[in-house]
Trainee: 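Encoded as structure tokens, here's the structure I'll be asking about.
Nothing here was measured: the structure is a model prediction, and the numbers come from that model.
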Amino acid sequence: MLLESETLVYDNDSQTVTAVGGVQIDYAGNRLVAQRVEYDRKTQRLVASGDVEIINSDGTKINSEHIDITDDFADGFVNALRVETVDKTYFAAESAERMGGVLTTFHNGVYTACEPCEDKPDKPAIWRVKSQKIIWNSQKKTIRFQNSNFEFFGMPIAYLPVFEIADPTVKRKSGFLFPSISYKSDLGVGVGIPYYLALSPTYDLTVKGNYYSKQGFLGEAEWRQRFNNGQYNLKIAGIRQQDPGAFDANTENSGPDDKPNRFRGMMGTEGQFAINSRWDFGWNILLQTDKNFSRTYGIDGFEEYVHRSEVYLTGLNDRNYFDLRGMKFQIQEDILESNDNGRSEKQPWVLPSFDYAYIPDTPLAGGQLSFNVNARALHRSRFDGSYLRDSNTNAIIREPITNDPIYQRVRGIDGNSGRLTAEAEWKRSFVTDGGMVFTPLLAFQADGSYLNASSESLAAIDNMARNSGTTADMRSSFFRGMATLGLEWRWPILFSATGSSHVLEPMAQLFLRPNESYVGGLAVPNEDAQSFVFDASTLFERDKFSGYDRIEGGTRANVGFRYVSSYDNGWTTNAMFGQSYHLNGENSFAAPDLVNVGANSGLETDRSDYVGLVGLSSPNGISASLSGRFDEQTFEVRRSEVKLGYSGSPISLSARYAFIQAQPDYGFTEDRHEVSFGGSAQFAENWRVFGSGTYDLEENVMVRNGIGFGYADECFTYLMTYSQTRDRDDKEVSQSIGFNISFRTLGDFGSATSNFIQ
């Protein structure tokens with residue numbers, strides 16, 4: 001024991017030592033500070049008084065005016081004390097006693113995780129538990145409350161005869177977690193009570209019982225386990241729906257009228273393991289009794305609309321990248337499996353998808369060489385095609401003789417298909433004395449594909465070919481190649497003005513290529529290049545198709561400019577504008593394929609539509625952008641997007657307007673107009689309100705909207721949300737209410753999720 005003080009008084013008759021003035025005692029990592037300490041050698045007790053503070057070896061602070069404690073700090077008695085733990089939790093009591101250095105009992109005590117107000121230390125905490133007796137067991141890591149009242153902003157709101165929580169230093173301990181509560185119009189009010197089992201430092205189990213007023217009891221269980229090189233989890237859930245009729249009739253949730261969907265369940269697992277510093281192996285797999293169960297009941301981690309079940313192996317080392325995975329896309333939709341409008345059953349198995357990329361460290365002829373390899377193998381058990389419909393009645397158009405529907409687009413072929421692609425590219429930049437940058441480019445791509453399609457798919461493709469005035473040329477296998485010779489010219493020009501600097505960069509590209517093979521005869525299954533948007537961001541791409549199944553062919557030039565400016569006051573602006581020209585050969589975007597990916601894209605003519613964007617931002621949080629595609633002859637708007645935003649204190653706002661002109665050959669027969677907005681405002685330091693919405697101007701329907709408010713400080717958070725979603729066709733409304741209350745160290749109460757995007 002080390003003792004320091006201004007004065008020491010030894011009394012040999014009574015065998016006491018008294019330290020007076022600035023006393024500090026250190027023993028085994030514990031520290032005691034006081035104005036006066038008397039040590040009794042016979043009883044081996046310390047009696048401290050006057051602004052006493054004890055700091056235990058674990059960081060816990062005890063403050064009082066009088067403390068009676070043993071010299072090893074294990075046992076003692078304190079009057080009118082305050083305790084602050086290392087995790088910023090606080091106890092106060094009229095008196096307390098400590099036994100064996102393990103058990104501390106507070107009499108007429110108060111517990112909270114809210115820091116006391118510096119200006120008003122006597123002001124009640126936001127929340128606190130006032131208890132006749134609080135027993136803190138530092139060995140079992142528990143805090144037990146007896147005869148307690150829970151107070152909120154100084155007002156008692158609940159009486160708790162007895163309850164127990166984990167010591168704030170404990171991160172994992174078995175016991176009940178805070179219940180959850182939710183509301184959805186087709187499920188009713190839901191209440192869930194989870195129980196957590198900390199079985200080991202490396203694995204645990206959580207079981208949860210949920211009761212929905214309309215659908216009954218839903219059980220959940222989740223197993224988690226961690227290893228030195230990774231972790232995995234396994235989740236199961238199930239329910240026997242007591243009222244399938246509460247859902248829309250003849251949907252996946254309700255089942256067909258003659259066979260209600262009562263027994264529903266799922267099993268999902270996720271995992272990731274590091275084989276070594278370069279290689280990772282993992283999976284994310286969902287199995288369920290029907291395709292919409294997890295989304296309907298909001299099973300955490302598996303509730304997204306499109307879930308991708310996959311197993312993967314990835315590697316990354318310097319400039320090498322390897323990715324191998326098997327995938328199945330699961331659409332969690334409410335359309336019955338027997339309904340041909342459903343998407344989920346038409347999704348393929350991808351077994352496998354493979355990507356490899358490599359950039360050698362050593363330059364070749366002074367330039368950069370890169371290699372890419374891609375392979376995919378697909379199996380689809382159900383044909384995926386969209387019918388040609390009458391633009392006025394939306395009715396399916398049928399052949400007058402065969403009475404078979406005419407297919408407008410074939411998104412997926414029933415059967416097996418595969419492709420292997422290898423690509424190499426070399427480019428080098430030269431800078432002239434005048435600042436011009438010339439970049440020659442050489443690229444070569446080779447593909448090998450196979451196809452084993454069902455007779456239904458082949459018949460549908462023949463049907464589509466007749467309707468589009470072309471031929472069907474589906475082959476069981478084919479090989480193709482594409483060589484590209486390119487040259488890019490850029491001339492960044494920097495000029496300055498008072499208080500600003502500007503960079504204007506004219507830019508032009510020329511790509512010489514042969515025609516794309518096998519496209520005009522509808523020979524290539526297009527599985528990975530179906531999503532195609534021509535705008536300013538893709539103007540200067542060498543190959544504007546998004547995947548490997550389609551290859552841009554023919555000679556093409558891209559011309560435009562980029563502009564960037566910055567100002568001394570912190571504002572910045574940027575712009576881009578240009579056009580693309582098909583100069584020779586067959587235009588890939590005018591050649592039909594199975595999904596008409598280039599139709600109405602703005603690139604199907606020799607002179608493309610104009611594309612451009614302009615944006616600005618300020619140091620005070622204001623931002624805006626405008627982008628669009630404009631007809632190359634009339635300058636009519638074909639596609640546009642406007643974004644406005646402000647992010648600052650205490651308000652943040654965002655708004656977006658999007659317009660896409662009808663693309664009948666691409667499957668969209670009507671114009672699309674949509675406005676979305678969102679915002680939040682902070683007020684009264686800890687309070688905020690927020691909201692968002694999306695409105696379809698074409699269908700005149702508010703697709704989704706919501707509002708919420710919340711409170712947050714260092715020890716308490718509260719969130720309340722209300723949201724609505726509407727079907728674009730029948731305008732049917734679905735409502736959700738969510739709230740969450742979180743008390744630090746005690747737990748959360750409310751909805752598992754807020755059902756609302758903030």
Trainee: Rounded to the nearest 0.5 Å, how far does CZ of F163 lie from CZ of R144?
Mentor: 10.5 Å

Trainee: Hey, does K184 have a side-chain heavy atom less than 4.5 Å from the side chain of I737?
Mentor: no

Trainee: Heavy-atom count check: over 12 atoms from other residues, nucleotides or ligands less than 6.0 Å from Y10 OH?
Mentor: no

Trainee: Assess the side chains of Q15 and D40: does a donor N or O sit below 3.5 Å from an acceptor N or O?
Mentor: no

Trainee: If every non-hydrogen atom of T694 is compared with every non-hydrogen atom of S676, which pair is closest and at what distance?
Mentor: OG1-CB, 3.7 Å

Trainee: Could you tell me which non-hydrogen atom of T85 sits nearest to which non-hydrogen atom of F91, and how far apart they are?
Mentor: CG2-CE1, 4.0 Å

Trainee: Among Y90, F106, F145, which residue satisfies the ring pair (Phe, Tyr, Trp, His ring centres under 6.0 Å) criterion with Y111?
Mentor: F145

Trainee: Determine whether the aromatic ring centres of residues F716 and F743 are separated by less than 6.0 angstrom.
Mentor: yes

Trainee: Below 4.5 Å, heavy atoms only, C-beta onward: do L81 and V83 meet side chain to side chain?
Mentor: yes

Trainee: What's the separation between atom CE in M266 and atom CZ in F302, rounded to the nearest 0.5 Å?
Mentor: 5.0 Å

Trainee: Between A113 and C715, what is the shortest heavy-atom contact and its length?
Mentor: O-CB, 3.3 Å

Trainee: Charged N to carboxylate O under 4.0 angstrom, K214 versus D243?
Mentor: no

Trainee: Check whether the side chains of T89 and T745 place a donor and an acceptor atom closer than 3.5 Å, and report yes or no.
Mentor: no

Trainee: Do the side-chain N and O atoms of S148 and S131 include a donor-acceptor pair separated by under 3.5 angstrom?
Mentor: yes

Trainee: Given K88 and E714, is the side-chain contact (heavy atoms from CB on, under 4.5 Å) satisfied, shown in steps?
Mentor: CA-CA 10 Å; K88 297 297 181 181; E714 78 283 352; over 6 Å; no

Trainee: A side-chain contact here means heavy atoms from C-beta on lying under 4.5 Å apart; do K235 and I299 qualify?
Mentor: yes

Trainee: Quick one: do W223 and Y232 satisfy side-chain hydrogen bond (donor to acceptor under 3.5 Å, both in side chains)? Show the steps, please.
Mentor: CA-CA 8 Å; W223 171 273; Y232 78 95; 3.1 Å; yes

Trainee: Between N108 and Q132, is there a side-chain donor-acceptor contact under 3.5 Å, judged purely by atom types and distance?
Mentor: no

Trainee: Check whether any side-chain heavy atom of I239 sits under 4.5 Å from a side-chain heavy atom of F217, and report yes or no.
Mentor: no

Trainee: Indicate whether the side chain of Q330 and that of S309 have a donor and an acceptor atom separated by less than 3.5 Å.
Mentor: yes

Trainee: Classify the side-chain pair Q242/R240 by whether it contains a donor and acceptor separated by less than 3.5 Å.
Mentor: no

Trainee: Does the side chain of S294 come under 3.5 Å of the side chain of Q288 through a donor N or O and an acceptor N or O?
Mentor: yes

Trainee: Can you tell me how far apart CD (E270) and CD (E310) are? Round to the nearest 0.5 Å.
Mentor: 10.0 Å

Trainee: Looking only at the side chains, is there a donor atom on one of D713 and N686 sitting less than 3.5 Å from an acceptor on the other?
Mentor: no

Trainee: Test R36 against E38 for salt bridge (charged side-chain N to carboxylate O under 4.0 Å, His left out), laying out the working first.
Mentor: CA-CA 7 Å; R36 175 188 173 91; E38 182 177 303; 3.8 Å; yes

Trainee: Where the side chain of S174 meets the backbone of A198, is there a donor-acceptor pair that is under 3.5 Å apart?
Mentor: yes

Trainee: Decide if atom CG of N228 counts as having more than 12 heavy atoms of other residues, nucleotides or ligands within a radius under 6.0 Å.
Mentor: no

Trainee: Flag the pair Y711 / W687 as yes when their ring centroid distance falls below 6.0 Å, and as no otherwise.
Mentor: yes

Trainee: Show the nearest heavy-atom pair for residues L46 and V37, with the distance to one decimal.
Mentor: CD2-CG1, 3.9 Å

Trainee: We want to know whether E53 and N63 form a side-chain donor-acceptor pair, criterion being a heavy-atom distance below 3.5 angstrom.
Mentor: yes

Trainee: Distance check, rounded to the nearest 0.5 Å: E97 atom CD versus D68 atom CG?
Mentor: 11.5 Å

Trainee: Assess, by modelled atom type and distance only, whether the side chains of R264 and Q241 contain a donor and an acceptor separated by less than 3.5 Å.
Mentor: yes

Trainee: Measuring only between side-chain heavy atoms, which start at C-beta, is R726 closer than 4.5 Å to M702?
Mentor: yes

Trainee: Return the CD1 to OG distance between I651 and S649, rounded to the nearest 0.5 Å.
Mentor: 9.0 Å

Trainee: Quick one, N210 and E220 - any side-chain contact, counting heavy atoms below 4.5 Å?
Mentor: yes

Trainee: Once you measure the plane-to-plane angle for F709 and Y718, does it fall in the parallel (<30°), tilted (30-60°) or perpendicular (>60°) bin?
Mentor: tilted

Trainee: With a cut-off of 6.0 Å (strictly less than), are more than 12 heavy atoms of other residues, nucleotides or ligands near CE of M267?
Mentor: no

Trainee: Please indicate whether K130 has more than 12 foreign heavy atoms, meaning atoms of other residues, nucleotides or ligands, lying under 6.0 Å from its NZ.
Mentor: no

Trainee: How about I193: does its CD1 atom have over 12 heavy atoms from other parts shown lying under 6.0 Å from it?
Mentor: no

Trainee: Which heavy atom in Q146 sits nearest to a heavy atom in I135, and how many Å separate them?
Mentor: NE2-CD1, 3.8 Å

Trainee: Around R325, counting heavy atoms of other residues, nucleotides and ligands shown, do more than 12 lie under 6.0 Å from its CZ?
Mentor: yes

Trainee: Give me the atom names and distance for the closest heavy-atom approach of D186 to A246.
Mentor: O-CB, 3.9 Å

Trainee: Could you check whether Y646 and N620, counting side-chain N and O atoms only, form a donor-acceptor pair closer than 3.5 Å?
Mentor: no

Trainee: Are side-chain heavy atoms of W136 and T60 found at a separation under 4.5 Å?
Mentor: yes

Trainee: I would like to know whether S652 and S647 meet side-chain hydrogen bond (donor to acceptor under 3.5 Å, both in side chains); could you show each step before the answer?
Mentor: CA-CA 4 Å; S652 64; S647 179; 5.5 Å; no

Trainee: Using 0.5 Å steps for rounding, measure from the CD1 atom of I69 to the CG atom of N30.
Mentor: 8.0 Å

Trainee: Under 6.0 Å between ring centres, would you say that holds for F176 and Y196?
Mentor: no

Trainee: Using a strict cut-off of less than 4.0 Å between a Lys/Arg side-chain nitrogen and an Asp/Glu carboxylate oxygen, indicate whether R224 and D204 qualify as a salt bridge.
Mentor: yes

Trainee: Do the side-chain N and O atoms of W279 and T314 include a donor-acceptor pair separated by under 3.5 angstrom?
Mentor: no

Trainee: With no hydrogens and no angle check, just 3.5 Å: does a side-chain donor-acceptor pair link N137 and T142?
Mentor: no

Trainee: Is there a side-chain contact between F227 and T202, using heavy atoms and a 4.5 Å cut-off?
Mentor: no

Trainee: Salt bridge or not for E303 and R295, using N-O below 4.0 Å?
Mentor: no

Trainee: When you compare the side chains of T16 and K42, does any donor N or O come within less than 3.5 Å of an acceptor on the partner?
Mentor: no

